[in-house]
Every structure is written in C-alpha cells, then in structure tokens.
**Student:** 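Attaching a single structure in structure tokens format; questions to follow.
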Amino acid sequence: MSGSSALDEVDYDPMEHLNMLFSHPSTVSSISQVSQSLKAHQNVLSSEINSLELEQAYKPDSSLERMQSAQTELAQLFRKIETVRSRAIETEQNITSMTAEIKRLDGTKRNLTLSMTALKRLQMLTTAYEQLRGLAKTRQYRECAGLLQAVIQLMKHFNSYRSIEQIATLSREVSELQRELLEQVCEDFEMAFAKGEVTTKRNMLVEACLVMDALGDSAKSRIITWYVNTELREYRQVFRGNDEAGSLDNIGRRYAWFKRMMKSHDDERSTIFPSHWHVGELLATAYCDGTRDDFKGILERSMRRGDGNKLDVNLLLSCLQETLDFEQSLEKRFSDAPRASIDTLSSAEEKTHTFNGLISVAFEPYLSLWVDSQDRQLSSMIPKYRSQPLIPQDEEFSPQAVMRSAIELFHFYKLTLSQCAKLSTSDRLLDLSKVFSKYLDEYAQQVLLHILQAGGPQGPSVQDVILVLNTADFWHINTNQLEESIKKRIDNELVSKVDLSSQSDAFLGVASAAVLALVHLVELECESIWREMKNTNWSTMDSAGDQSTYVGELVKHVNSKTEEVLGIVGKQQYARAFCDNLVEHLATSYVNNIVQCRPISEVGAQQMLVDKYALTKSFGNLLSYHNPSSSANQAPPSSFVRRVEHSMNRMDPLLKTLQVRSSPPEGLVQAYLIHIGDRSDTNFKKILELKGIRKLDQSHLIELFGIHRDGSSNEKLVQNSPLLTPLMTSASASASASSGISGMNPSAALTAASGARFDAGFLGEKLLSAARDIGNTTQGAEKATINENLRNFGKFFKRDIGGLGVRFGKGSAEDGGR
C-alpha cells in the first residue's frame with residue numbers, strides 16, 4: 001500500500017488509491033493482503049484514540065477538572081452580585097428617607113408660590129375691574145381699551161376656579177361690564193352720526209374703536225355692519241324704492257353715488273376706524289353685493305314680463321362695460337392696500353378677495369344676447385371686407401403684406417375674446433368660439449376665395465394672389481393660436497369642445513388654391529407656345545436634332561413669369577409648392593398637347609423626347625428664382641430635381657412607344673406591352689391614332705395585341721395605364737372634357753380636388769372653377785359641402801407638402817417666420 005502515509009493525507013481520495021492498487025487484473029489476488037493492512041491500520045488508530053481519551057479524562061489538568069473549577073467560580077460571582085444588589089436597595093431606602101422631608105418642603109414652597117401668584121392676579125383683576133368701571137362711566141375709552149385687554153387676559157387665568165363662588169361672581173361682573181361697554185360704544189356711534197357730531201367727537205370715536213378691538217371680532221363686526229348699513233341706507237332707499245332711478249338706464253347714477261359716498265367716507269370718517277379693519281373695502285363689497293342683487297332682480301323682472309328678448313343689447317353692453325370699468329377701478333383702488341392682520345401672517349402676502357365679477361356676474365345669464373350681437377356685427381363685416389380694396393390707396397404693395405381686413409378681423413377677435421373672458425369662462429365663451437369658427441369659414445369663402453375668382457378667365461393679378469396667400473397663411477397660424485388662447489381661458493370641462501382645426505385646414509386649403517392660381521397665371525403665358533407646338537408637323541420630320549424652337553420660347557416665358565411670382569412669394573414652403581405644382585401642370589400640358597399633335601412619326605416622337613430632356617433640365621432650376629441672391633451659387637435641392645424628373649419622365653413610356661415603327665407589327669405590340677404595360681384595347685387604339693395608323697390597318701394590330709396580351713408571360717400587366725387612360729384623342733371628347741371641367745358644381749369640383757391622390761394636372765382647373773362659382777352658391781347645404789371639401793383639401797395639401805420635406809408651422813427653419 002506504499003505506506004500508511006497515503007491514508008493520513010488531507011486530500012485523501014479512496015477511489016484514486018484503489019485504482020492505483022488494483023491497476024491491473026493480475027493485482028486482484030492481493031485483495032486479502034490489502035484488507036488485512038487496512039484492518040491493522042484501523043486497529044492502530046482505535047488504540048491511539050482510546051489512549052488519548054484516558055489521558056484526557058484522568059491526568060491532573062483534565063477537562064473535567066477545569067469545568068468543575070469554572071462552575072465554582074460562577075457560583076461565587078453570583079453570590080457577590082446578590083450582595084451588591086442588596087446593599088444598593090438598602091442605600092436607596094436610606095436616601096429616600098433622608099430626602100422625603102426635602103420633597104415635602106419643595107411641594108409646600110411651590111403651592112405657596114402659586115397661591116401668592118393667584119392672589120396677586122386676583123388683586124390686579126379686582127383693581128383693574130374697579131378702575132375699568134370708573135373709566136367706562138367717564139368714557140375714557142383709550143384707557144378703557146388697555147385695561148379691558150388686561151382684565152380679559154387676567155380673567156383667563158381663573159377659568160379653572162369658577163367653582164369658587166367669589167370667582168364666579170367676579171366673572172359674571174366682568175362679562176356684564178363687557179356687554180355694557182359694547183352697548184355704550186354703539187350708542188355713542190349712533191348718537192354722533194344721528195346728530196352730525198362726528199367731527200367734534202372724532203377723538204372719542206377713534207378711542208372707542210380701540211375698545212371694540214379689545215372686545216373681539218364679534219364686537220368689531222357689529223360696529224362695522226352698523227356703519228355699512230348706515231352709509232348705504234340712502235342708496236337702498238333711492239335705487240330700490242324707485243323704478244326709474246333703479247333702472248339700467250341710470251346705472252351711471254349708481255356708481256356716481258358710490259363715488260360721492262366713498263369720497264365723503266375718505267374725507268370725514270375713514271380715519272375713525274383702524275386701518276386693519278379695512279372698513280372702506282368692506283363698505284365697497286357690501287355695495288357691490290347689493291347692486292348685484294338689484295341687477296339680478298331687474299333682469300329677472302324683464303324676463304318674467306316677457307320682454308326679455310326686447311332688452312336693448314346696446315344698453316346691456318353699455319351697462320356691462322360701465323360695470324367692468326367700475327369693478328376694475330375698485331380692484332385698482334384696494335389692490336395696493338396692506339393686508340396685515342393680527343390673526344394670520346399669510347394675509348399680508350395673499351389677497352383672496354377680488355372685485356372682478358362681483359357685480360358683472362349678474363349679467364352672465366344674458367350674455368347670449370351679447371354673443372348674438374357679435375354674430376350680427378361679424379355678419380355685417382364680411383360683405384364690407386369683400387368689397388373693400390385689398391391695398392389702401394395710400395399704401396404700396398409689399399411681398400409680406402397681409403390684407404387689412406384680416407388685421408381688422410384679428411383685432412376684433414382679440415378684443416372680443418378678452419372682453420368675453422372677463423364676463424364668462426363657461427358656456428358663453430364656448431358660444432363665442434363657435435361664432436368665431438363660423439366667420440372664419442365665411443372669411444375664407446366669401447372674401448379670400450372671392451378674390452381668386454375675380455378677373456375673369458385671366459384670373460386675379462399676381463399681387464392680389466400673393467395677398468390672398470399671405471392672408472391665408474396668417475390666419476392658418478393665428479387660428480391655431482386663437483384656439484389655444486380660448487382653451488387657456490375657458491373652464492376645464494369645456495376645453496375639449498373648443499376645436500378650430502377645421503378652420504385652420506380651410507385656410508391652408510385657400511393657400512393651396514392661391515398657389516394653384518399662381519400656377520394658372522404662368523400657364524396663361526404659355527398658351528401661345530403650346531399653339532406653336534401643335535402647329536408643327538410632327539409626322540413629316542426627317543431627323544431629330546437640337547431642341548425645337550418652341551422649347552426656348554416656352555422656357556423663356558416660364559422663367560420670366562416664375563421669376564416675377566417667386567420674387568414676391570415670402571415663405572420657402574409656398575415657393576416650393578408653387579414650383580412643384582407648376583412642373584406637374586406643365587408636364588400634364590405637355591402630354592395633353594402631344595395628343596393634339598397627332599399624327600406623330602417615329603422621328604417626331606424622338607424629337608419630342610429631346611425637347612422633354614431640355615425642358616426637364618430647365619425646370620430643375622425654377623426654385624432658384626426664390627431668394628436668388630442667397631442661392632446664386634447653390635445647386636437646386638436634390639429633392640426638387642428628383643420631383644421634376646419624376647413629373648417629366650411620366651411621358652417617357654408614351655414617347656418611347658411612339659418611336660417604334662408599326663412594321664413589323666409585333667415590334668409595336670411588344671413595345672407597348674413593355675413601356676405602357678396595360679391590357680386596355682382602348683389605350684392601345686390611342687397609340688395607333690397618335691401614330692396616324694389607318695382604321696383598316698388597326699384591326700390586325702389590335703388582334704395581334706390581344707394575342708400577346710393574353711400570353712402567359714404578361715400576367716403582371718395592369719388593367720389600365722394611369723398615363724393613357726385620361727387622354728382623349730378625339731376632338732369632340734376633348735371639347736366635352738373641357739366643358740365638363742368648367743361647368744362642374746363647386747362642391748363636386750372640390751370633392752374631386754380633395755381626393756386621396758394629388759394630381760396637379762387637373763386639380764388646379766377644378767379648384768379654380770369651384771372658386772369662381774362659389775359666389776353664385778346660395779344654399780346653406782352647398783356652402784357646408786364647400787367648407788368641408790376646402791378643409792379636406794387643406795389637410796391634403798399639408799400632407800403633400802410634408803412629403804416633400806417641407807413642413808408648415810410657426811418657427812420652422814424653412815418658413816422663415818413672420
């Protein structure tokens with residue numbers, strides 16, 4: 001076993017030891033020898049353990065002896081602790097017996113001190129009481145006030161001694177003296193005011209107020225109430241007992257009377273009362289409470305008599321305005337008064353009382369008449385705004401100018417909102433917000449769109465359109481601010497009912513209509529150029545070369561008019577929207593004029609492609625005309641260039657198809673399926689007509705088109721091409737389409753304009769046609785439909801601009817601010 005040391009190791013592993021001993025089958029024979037060795041080792045260990053146990057148990061310094069010694073020492077320690085505790089108890093008893101007499105002497109001393117203090121206070125109370133009675137009889141109120149405070153304070157110390165008969169008697173006598181003083185002071189005030197001796201007895205009354213202050217709040221409240229009733233007695237008699245004097249017509253007399261009374265109070269009587277009583281403020285509050293009740297009664301009686309609807313709104317507003325001015329004057333008068341008080345520290349810093357609305361609240365139930373008057377006033381303002389010139393004669397046009405009517409309407413809204421918020425922040429303010437929204441819609445329709453329909457087929461001037469654009473943008477921003485301003489003022493439960501977002505969208509729709517009107521003005525400049533394009537014989541061209549002559553003229557006219565327009569467009573996002581829409585319209589016009597140029601040979605189609613590339617390159621620089629000084633050395637925005645390329649490349653499939661010869665016929669059919677990529681026989685016929693193929697030759701091509709179209713390799717073809725489907729190749733169809741657009745109902749035109757997909761090719765014409773017909777629309781239902789469609793178009797225009805990376809909003813980097 002390689003010695004017994006392996007068994008004594010700390011990290012001994014029996015399995016490892018066994019594997020080592022029996023590493024080969026031949027070693028199995030030594031099992032008995034190993035077993036004997038292990039038993040021998042076990043016996044040796046057992047013998048050693050026994051000897052160690054005997055040695056530990058019976059040697060002189062054994063563990064048993066140490067344990068017994070420790071127990072003996074613990075018993076001795078406990079006996080010593082018990083001895084100490086007994087001695088401590090004995091010592092405490094000795095000390096207690098020694099100090100008992102001292103404690104008894106301390107208690108006696110304390111009781112004697114309390115008795116002497118009580119007797120001294122009783123003596124002081126008795127003396128002060130006797131002196132107070134004498135001073136009260138001689139009306140020496142200043143000394144009475146000081147003694148009365150001392151008596152009341154001393155009497156509090158004897159509240160616990162009232163079971164003693166003498167103390168109870170003294171307490172009753174003190175209370176009786178307080179009552180007598182109260183009645184005596186009140187009588188002195190009444191006599192002085194009744195006999196007109198306030199001036200001669202001023203000093204006595206001032207000192208009497210000190211007594212009332214000492215008597216407490218109830219006494220002070222009694223004298224103040226008496227004084228207020230005395231001062232307002234004449235007012236109540238004159239204005240409550242007389243229907244003529246108390247009517248709303250004489251509201252000015254009420255306030256004039258109060259001012260005279262307050263002047264008399266300030267000059268003659270205000271110094272009688274302590275400043276911290278705030279008698280003047282309480283007098284004004286009582287006057288306001290009574291006046292408010294009077295007004296409520298007058299208005300209620302008017303309603304009960306059935307003439308409530310005949311109330312003169314001008315008189316009501318005049319009275320209300322006069323009342324607001326009066327309340328404001330009171331608020332200003334008493335706002336600077338010190339608020340210090342003997343019972344609160346915070347009152348010096350916080351003024352919880354206010355005069356605003358204290359009287360005018362009586363008018364609130366009748367403010368619907370006022371709201372109706374604002375409605376009528378706004379109704380009369382809209383026709384005036386519609387007929388007045390856009391720019392006053394003494395002013396010049398400015399690219400940032402806003403129509404004067406918008407500024408006037410804005411200030412009217414601001415003033416009216418501020419006035420209504422002072423009167424009511426509940427239902428009346430909500431009603432006013434609805435009136436605001438109603439006439440914002442009217443202004444957008446009857447004023448701004450009316451301008452866009454002026455000028456006949458030529459439309460309004462550029463300056464007029466820019467004024468409409470600036471004004472619509474002005475109201476788009478301020479409508480949102482107006483909504484927030486109303487929400488800040490109105491009651492919390494009504495905030496969710498205030499919504500002017502549809503009006504904001506309507507003004508954005510007007511702005512988009514103004515942009516399309518500017519586009520229309522450029523299109524008018526190009527009509528003669530398109531005629532030159534149509535007069536060109538595109539079927540007899542021999543070869544395609546440089547750009548056609550009409551292209552240079554078209555670019556010249558477009559650039560010239562664009563420079564004129566963008567030179568006075570203020571905001572970047574409108575300049576971008578104008579350029580985007582202009583390119584869309586020009587691209588659509590180009591496609592429509594291609595149809596008018598038929599027949600078109602293959603060389604003619606190739607020349608048209610060359611012209612298209614030249615126009616695309618030129619149109620990509622249109623946006624540089626906005627703020628040319630800052631963008632002279634800058635490349636046009638890449639997003640705009642991509643937009644131009646996308647708009648102009650829409651005609652590529654058409655022109656590339658027209659470039660293919662009709663022979664062999666399979667080549668033309670395959671070119672159509674590749675470039676146009678639809679299944680429509682009608683659209684395929686349009687291509688044949690544009691190429692000038694005879695009717696007799698078309699049938700074979702159409703039959704061949706049907707065979708190739710239905711082949712398995714053309715399963716991904718669309719049903720109708722979005723490019724060819726709206727095109728009309730016959731003159732009669734074109735004329736019909738033109739009359740259909742111009743004769744559309746305004747609602748239908750705007751409905752088409754507010755569709756889900758922006759198509760500037762026909763949107764401008766439809767929207768402007770709708771704008772021209774709005775003036776002839778008289779039925780309310782049609783107006784409501786126009787309003788809704790205009791709002792939808794505003795939302796759609798906002799989405800379209802947002803998709804271009806240009807966003808609307810106050811303070812954005814793109815809009816330049818206002």
**Student:** Does NZ belonging to Lys617 count more than 12 external heavy atoms closer than 6.0 Å?
**Tutor:** no
**Student:** For Thr616 and Glu645, which I'm curious about, is there any donor-acceptor pair between the side chains at under 3.5 Å?
**Tutor:** no
**Student:** Can you find a heavy atom in the side chain of Asn470 that is under 4.5 Å from one in the side chain of Lys571?
**Tutor:** no
**Student:** Would you check if Leu432 and Ile486 make a side-chain contact, meaning some heavy-atom pair closer than 4.5 Å?
**Tutor:** no
**Student:** Can you name the ring pair (Phe, Tyr, Trp, His ring centres under 6.0 Å) partners of Phe619, sequence neighbours left out?
**Tutor:** none
**Student:** Would you say the side chains of Tyr413 and Asn478 form a donor-acceptor pair under 3.5 Å?
**Tutor:** no
**Student:** Can you check whether Cys526 reaches Leu554 side chain to side chain, under 4.5 Å on heavy atoms?
**Tutor:** yes
**Student:** So, Ser461 side chain and Asp464 main chain: donor-acceptor pair closer than 3.5 Å or not?
**Tutor:** yes
**Student:** If you measure from CZ on Phe326 to SG on Cys319, what distance do you get to the nearest 0.5 Å?
**Tutor:** 13.5 Å
**Student:** Is it the case that Ser426 and Glu364 place a side-chain donor and acceptor less than 3.5 Å from each other?
**Tutor:** yes
**Student:** More than 12 heavy atoms of other residues, nucleotides or ligands under 6.0 Å from CD of Glu395: is that the case?
**Tutor:** yes
**Student:** Do Gln328 and Leu324 come close enough that some side-chain heavy atom pair is under 4.5 Å?
**Tutor:** no
**Student:** Would you sort out whether Gln463 and Leu467 count as a side-chain contact (heavy atoms from CB on, under 4.5 Å), showing the intermediate values?
**Tutor:** CA-CA 6 Å; Gln463 292 185 355; Leu467 284 173; 5.6 Å; no
**Student:** Do Ser624 side-chain atoms and Asn621 backbone N/O form a donor-acceptor pair below 3.5 Å?
**Tutor:** yes
**Student:** Checking Gln400 side chain against Gly570 main chain: does a donor-acceptor pair fall under 3.5 Å?
**Tutor:** no
**Student:** Could you tell me whether the side chain of Glu483 reaches within less than 4.5 Å of the side chain of Gln503, counting heavy atoms only?
**Tutor:** no
**Student:** Classify the ring geometry between Phe507 and Tyr443 as parallel (under 30°), tilted (30 to 60°) or perpendicular (over 60°).
**Tutor:** tilted
**Student:** Between Glu532 and Thr549, do the side chains contain an N or O donor and an N or O acceptor separated by less than 3.5 Å?
**Tutor:** yes
**Student:** Is it true that Glu564 and Lys561 make a salt bridge, defined as a side-chain N closer than 4.0 Å to a carboxylate O?
**Tutor:** yes
**Student:** Return yes if some donor-acceptor pair links the side-chain N/O of Ser618 with the main-chain N/O of Leu615 below 3.5 Å, else return no.
**Tutor:** no
**Student:** Do Phe397 and Leu390 have side chains that get closer than 4.5 Å, going by heavy atoms?
**Tutor:** no
**Student:** Please determine whether the number of non-hydrogen atoms from other residues, nucleotides or ligands lying under 6.0 Å from atom CG of Asp491 exceeds 12.
**Tutor:** yes
**Student:** Give a yes or no answer on whether the side chain of Ser589 reaches the backbone of His585 with a donor-acceptor pair at less than 3.5 Å.
**Tutor:** yes
**Student:** Got a donor-acceptor contact below 3.5 angstrom from the His476 side chain to the Ser504 backbone?
**Tutor:** yes
**Student:** If we count only N and O atoms by modelled type, under 3.5 Å, do the side chains of Arg576 and Ser639 hold a donor and an acceptor together?
**Tutor:** yes
**Student:** Are any side-chain N or O atoms of His520 and backbone N or O atoms of Gly459, one a donor and one an acceptor, separated by less than 3.5 Å?
**Tutor:** no
**Student:** Using side-chain hydrogen bond (donor to acceptor under 3.5 Å, both in side chains), reason through Thr588 and Arg650 one step at a time and then give a plain yes or no.
**Tutor:** CA-CA 9 Å; Thr588 302; Arg650 287 189 295 119; 3.3 Å; yes
**Student:** Do Gln607 and Gln547 have a side chain donor and acceptor closer than 3.5 Å?
**Tutor:** no
**Student:** Could you measure the distance from the CZ atom of Phe412 to the CG atom of Leu378? Nearest 0.5 Å is fine.
**Tutor:** 4.5 Å
**Student:** Does Arg376 come within less than 4.0 Å of Asp372, counting only side-chain N to carboxylate O?
**Tutor:** no
**Student:** Between CD1 of Ile382 and NE2 of His450, what distance do you get to the nearest 0.5 Å?
**Tutor:** 12.5 Å
**Student:** Can you measure from CG (Leu518) to CD1 (Ile568) and round to the nearest 0.5 angstrom?
**Tutor:** 7.5 Å
**Student:** Would Gln596 and Asn592 count as having a side-chain donor-acceptor pair, cut-off 3.5 Å?
**Tutor:** no
**Student:** Please round to the nearest 0.5 Å and tell me the distance separating atom CE of Met403 and atom OH of Tyr385.
**Tutor:** 10.0 Å
**Student:** Hey, are Asn535 and Tyr550 close enough side-chain-wise for a donor-acceptor pair under 3.5 Å?
**Tutor:** no
**Student:** For Pro722, is there any backbone N or O sitting under 3.5 Å from a side-chain donor or acceptor partner on Thr725?
**Tutor:** no
**Student:** Measure the CG-CG distance between Leu417 and Leu482 for me, rounded to the nearest 0.5 Å.
**Tutor:** 6.5 Å
**Student:** Would you say that Thr562 contacts Phe578 through its side chain, given a criterion of any heavy-atom pair below 4.5 Å between the two side chains?
**Tutor:** yes
**Student:** Any chance the rings of Phe474 and Phe410 have centres within less than 6.0 Å?
**Tutor:** yes
**Student:** Are Glu484 and Lys488 within salt-bridge range, i.e. N to O under 4.0 Å?
**Tutor:** no
**Student:** Taking C-beta and beyond as the side chain, do Leu316 and Trp370 meet within less than 4.5 Å on heavy atoms?
**Tutor:** no
